[in-house]
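These notes concern the structure reproduced below.
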Amino acid sequence: MRFFVAQVLRFAWAEAKACGFAVGLFAGLALSSVLPLPVPRYDALFLYAVALTVVFRAMRWETSEEVAVIGCFHLVGLAFELVKVRLGSWSYPEDAYTKFFGVPLYSGFLYAAVGSYVCAAWRILSLSLVAYRTVPVTLLAVAVYVNFVSHHWWADLRIPLAVLLVVVTWGTAVRFTVGERRYRLPLAPALLLTGFFLWVAENVATYFGAWQYPHQRDGWRLVHTGKIGAWALLVTVSFVIVASWRAARERRVTAG
């Protein structure tokens with residue numbers, strides 16, 4: 001029993017370290033909602049997120065390659081935001097100088113925080129994949145990303161894509177290290193579990209006004225639980241980006 005408790009605590013500490021950038025960003029969201037600011041809030045959050053990125057690199061909590069990968073998440077997230085905000089899926093009601101077509105630049109860092117978590121967790125927990133089918137999972141991740149936009153004009157394929165994702169990841173597992181022990185977790189439940197925690201984080205973020213869903217315009221309300229599945233699908237995109245980068249990195253190391 002003592003060993004089990006110790007392992008749980010070690011795992012929780014590893015997860016906390018992996019969430020470092022996200023925790024820092026959420027702390028900024030919370031403080032910006034109560035502190036007087038010399039500039040519009042979204043502009044202050046953008047400057048804060050840039051500074052946070054610099055600090056994490058300077059303290060070597062993230063590598064230069066990880067910062068570059070996280071930068072890709074920022075760009076992918078901004079492109080997603082530009083489309084979804086225009087379509088009315090959610091909004092950023094406050095004014096800002098760093099706001100274009102209704103989307104503040106700081107919003108890309110919300111996606112970067114997810115990328116930071118995946119990169120850090122991969123490194124801290126020494127993740128490796130068992131029976132990972134690169135091509136079909138990557139193609140599905142692309143389809144998921146496209147469907148999040150295309151369903152506004154065409155059929156919503158989230159359920160079929162989720163079923164296909166379970167099929168192509170059947171037998172695929174994530175191996176990770178806690179202390180001196182290696183553990184194994186099927187990939188699909190791992191993505192769903194991550195989606196749940198992102199849904200929890202989303203509720204906290206909307207409470208502090210990071211963005212606003214249409215049903216929250218008259219006051220904060222819980223985000224619909226259906227978003228858990230949506231986050232699980234979206235985190236698949238993040239996972240595939242990091243997995244592809246890690247695989248390319250390992251090939252370079254092997255070739256060198």
Side-chain angles (χ1 to χ4, degrees), residues 12 15-59 61-62 66-67 70-82 84-85 88-121 194-225 227-228 230-232 234-235 237-238:
E15 285 288 293
K17 289 193 292 184
C19 292
F21 186 87
V23 171
L25 192 59
F26 273 74
L29 283 170
L31 290 173
S32 68
S33 66
V34 296
L35 294 178
L37 299 169
V39 296
R41 184 182 180 219
Y42 293 161
D43 297 328
L45 284 170
F46 173 68
L47 295 174
Y48 172 76
V50 171
L52 198 63
T53 303
V54 172
V55 168
F56 267 65
R57 179 63 193 96
M59 298 297 290
W61 294 335
E62 288 174 344
E66 286 174 348
V67 171
I70 292 165
C72 291
F73 279 96
H74 189 284
L75 295 176
V76 169
L78 277 178
F80 189 68
E81 288 285 322
L82 286 168
K84 297 294 280 186
V85 168
S89 296
W90 54 80
S91 64
Y92 296 88
E94 299 177 35
D95 293 326
Y97 296 109
T98 55
K99 188 175 181 181
F100 301 94
F101 303 103
V103 178
L105 290 182
Y106 98 86
S107 64
F109 283 98
L110 298 169
Y111 295 86
V114 177
S116 175
Y117 164 74
V118 177
C119 286
T194 304
F196 169 75
F197 284 111
L198 286 172
W199 173 77
V200 173
E202 179 180 44
N203 276 285
V204 176
T206 54
Y207 179 80
F208 288 120
W211 67 90
Q212 184 183 83
Y213 284 108
H215 75 282
Q216 296 173 327
R217 286 173 185 162
D218 297 327
W220 183 83
R221 295 179 185 175
L222 194 71
V223 177
H224 194 278
T225 52
K227 290 287 184 179
I228 297 173
W231 275 113
L234 196 57
V235 82
V237 179
S238 304

Spatial distance of atom CG (L47) from atom OG1 (T98) [nearest 0.5 Å]: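 Output value for this atom pair is 7.0 Å.
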Interatomic distance, T53 atom OG1 to L25 atom CG [nearest 0.5 angstrom]: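 So the gap between those two atoms works out to 8.5 Å.
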Please list all pairs meeting salt bridge (Lys or Arg N to Asp or Glu O under 4.0 Å) that have one or both residues in [range], counting only residues at least two apart or in different chains.
{"range": "residues 195-208", "result": "none"}
{"range": "residues 99-115", "result": "none"}
{"range": "residues 30-42", "result": "R41-E94"}

What orientation do Y213 and H215 show, parallel under 30°, tilted 30 to 60°, or perpendicular over 60°?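 If you compare the ring of Y213 with that of H215, the planes turn out parallel.
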Taking the inter-plane angle between the rings of F80 and W90 on a 0 to 90° scale, is it parallel (under 30°), tilted (30 to 60°) or perpendicular (over 60°)?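 F80 and W90: tilted rings.
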Please step through side chain to side chain contact (heavy atoms under 4.5 Å, CB included) for the pair R221 and T206, ending with a clear verdict. CA-CA 9 Å; R221 295 179 185 175; T206 54; over 6 Å; no
Can you sort out the partners of [X] under ring-ring contact (aromatic ring centres under 6.0 Å, His included), two or more places apart, ordered by chain and number?
{"X": "F56", "answer": "F21, W61"}
{"X": "F109", "answer": "H74"}
{"X": "F100", "answer": "none"}

I'd like to know whether CZ of F208 has more than 12 heavy-atom contacts from other residues, nucleotides or ligands below 6.0 angstrom.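 Atom CZ in F208 is packed in, count exceeds 12.
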Give a yes or no on this: more than 12 heavy atoms of other residues, nucleotides or ligands lie within 6.0 Å of atom CG of D95.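 Atom CG in D95 is not crowded, with 12 or fewer foreign heavy atoms closer than 6.0 Å.
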Would a 4.5 Å heavy-atom cut-off, applied to side chains only, mark Y97 and L105 as touching?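 No. Closest side-chain heavy atoms not under 4.5 Å.
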Y42 and Y106: aromatic ring centres closer than 6.0 Å?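 Yes: the rings meet the under 6.0 Å criterion.
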